[in-house]
Amino acid sequence: MAVRVPILRQGSHLIASIQEELSDSDILNLQSRILDEVVKRQADGVIIDVGALDVIDSFGTRTLAEIASAVQLRGAKMVIVGIQPEVALSMVLLGLTLETVPTMLDLDAGIAELNGAAR
Amino acid sequence: MKAAETVTAQQQSVQHDGDVVLARQMGRQMAMALGFSKPDQALIATAISELARNIVNYASHGTVDAQPVSDGRDTGLHVVVSDRGPGIDDIEAAMTDGFSTGRSLGLGLPGTKRIVDEFDIQSTPGKGVTVTIIKWKHR
Ligand SMILES: Nc1ncnc2c1ncn2[C@@H]1O[C@H](COP(=O)(O)OP(=O)(O)OP(=O)(O)O)[C@@H](O)[C@H]1O
Ligand SMILES: [Mg+2]
């Protein structure tokens, strides 16, 4: 029942668009595939679209932050787009923050952020 | 509200990480059927996710039991997350933000307590952990 999140290329960016709920091992699988792809494609930006997630709990938050810092170590920038408002609320109340990772409303805003930040 | 009478008690056994997803989906669907708001549905799903993950991480297997409750004025969702794993030696420490023996954030238990209305944790070292939570619709 493993879920494989599609990772698409758009120019120098990678876009991982989560389509359904992910288990912890699905998230870890996504993490290693994103890091492989960043190196292989020499991507300078990564967007993770989490709009399909009904829950982002402590494991999800920790792993998203880990992916972002590993992406940065590989010379690229990561943004998260599409966090549902009630998911954002739950994260805040639980005590979770994603302050090290820019979060944008939607894909367009995410792409603009990456392009604006590109030097 | 008719809803409370038509929603029946449900159980999800928890052993693998995929079961964490099933358990939180079960809770969310029951919350939806009971007429909880969308934010409350997300809070219930998140609470179950944290407690069920602790079973997978620290206790190997356990159960999540959810059922509607009523106190005459209000409807709630009552959830018992229970395992027969090693238990917790120091519950006070485990309930502190940032305390983790799993090199994690240590927010699961204290965070869950913050997002539900009633929270009770019982543990006998060597015999497991039982966490009981209630989320009420109108408070
Ligand atoms: N079901 C359980 N059985 C045994 N020990 C547990 C159980 N649940 C929690 N614990 C203990 O309590 C500690 C705190 O749990 P809590 O969920 O708050 O944080 P965590 O799981 O370490 O990190 P996070 O949930 O933020 O990823 C755990 O590190 C673990 O030592
Ligand atoms: Mg935990």
> Does a side-chain heavy-atom distance below 4.5 Å link A:Asp54 with B:Arg28?
yes

> With a cut-off of 6.0 Å (strictly less than), are more than 12 heavy atoms of other residues, nucleotides or ligands near CZ of B:Arg139?
yes

> Can you tell me if CD on A:Gln42 sees more than 12 non-hydrogen neighbours from other groups inside 6.0 Å?
no

> Are B:Val80 and B:Ile134 grouped together when hydrophobic residues (ILVMFWY) are joined by side-chain heavy atoms under 4.5 angstrom apart?
no

> Quick check: do B:Gln41 and A:Glu86 have side-chain heavy atoms less than 4.5 Å from each other?
no

> Without swapping roles, check the side chain of B:Glu50 against the backbone of A:Ser58 for a donor-acceptor pair under 3.5 Å.
yes

> Roughly how far apart are B:Thr46 OG1 and A:Ile56 CD1, rounded to 0.5 Å?
9.0 Å

> Within the supplied structure, the quantity of interest is the number of heavy atoms (other residues, nucleotides, ligands) at a distance under 6.0 Å from B:Arg114 CZ; does it exceed 12?
yes

> Quick one: what part of B:Val20 sits under 4.5 Å from any heavy atom of chain A, side chain, backbone, both or neither?
neither

> Would a distance-only check, ignoring hydrogens and angles, find a side-chain to backbone donor-acceptor pair under 3.5 Å from B:Asp17 to A:Ser23?
no

> Which atoms form the tightest heavy-atom contact between A:Leu22 and B:Val21, and what is the distance?
O-CG2, 3.7 Å

> Supply the atom-to-atom distance B:Leu107 CG to A:Arg62 CZ, rounded to the nearest 0.5 angstrom.
10.5 Å

> So does A:Gln10 have more than 12 non-hydrogen atoms from other groups sitting under 6.0 Å from CD?
no

> Surrounding CG of A:Leu105 (heavy atoms of other residues, nucleotides or ligands, distance under 6.0 Å), is the total greater than 12?
no

> Tell me, for B:Ile115 versus chain A, whether the close heavy atoms (under 4.5 Å) come from the side chain, the backbone, both or neither.
side chain

> What option among B:Ser104, B:Pro110, B:Ala47 has the most heavy-atom pairs under 4.5 Å with chain A?
B:Ser104

> Side-chain heavy atoms under 4.5 angstrom apart, residues restricted to Ile, Leu, Val, Met, Phe, Trp, Tyr: same cluster for B:Ile121 and B:Val81?
yes

> Group every Ile, Leu, Val, Met, Phe, Trp and Tyr by side-chain heavy-atom contacts under 4.5 Å, then state whether A:Val3 and A:Val55 land in the same group.
no

> Pick from A:Thr61, A:Leu93, A:Asp57: which one has the most heavy-atom pairs with chain B under 4.5 Å?
A:Asp57

> Looking only at heavy atoms and a cut-off of under 4.5 Å, which of B:Lys38, B:Arg53, B:Arg24, B:His16 has the most pairs with chain A?
B:Arg53

> To the nearest 0.5 Å, how far apart are CZ in A:Phe59 and CG in B:Asn57?
8.0 Å

> Say whether A:Leu35 and A:Met78 are linked into one hydrophobic cluster, either directly or through other cluster members, by side-chain heavy-atom distances under 4.5 angstrom.
yes

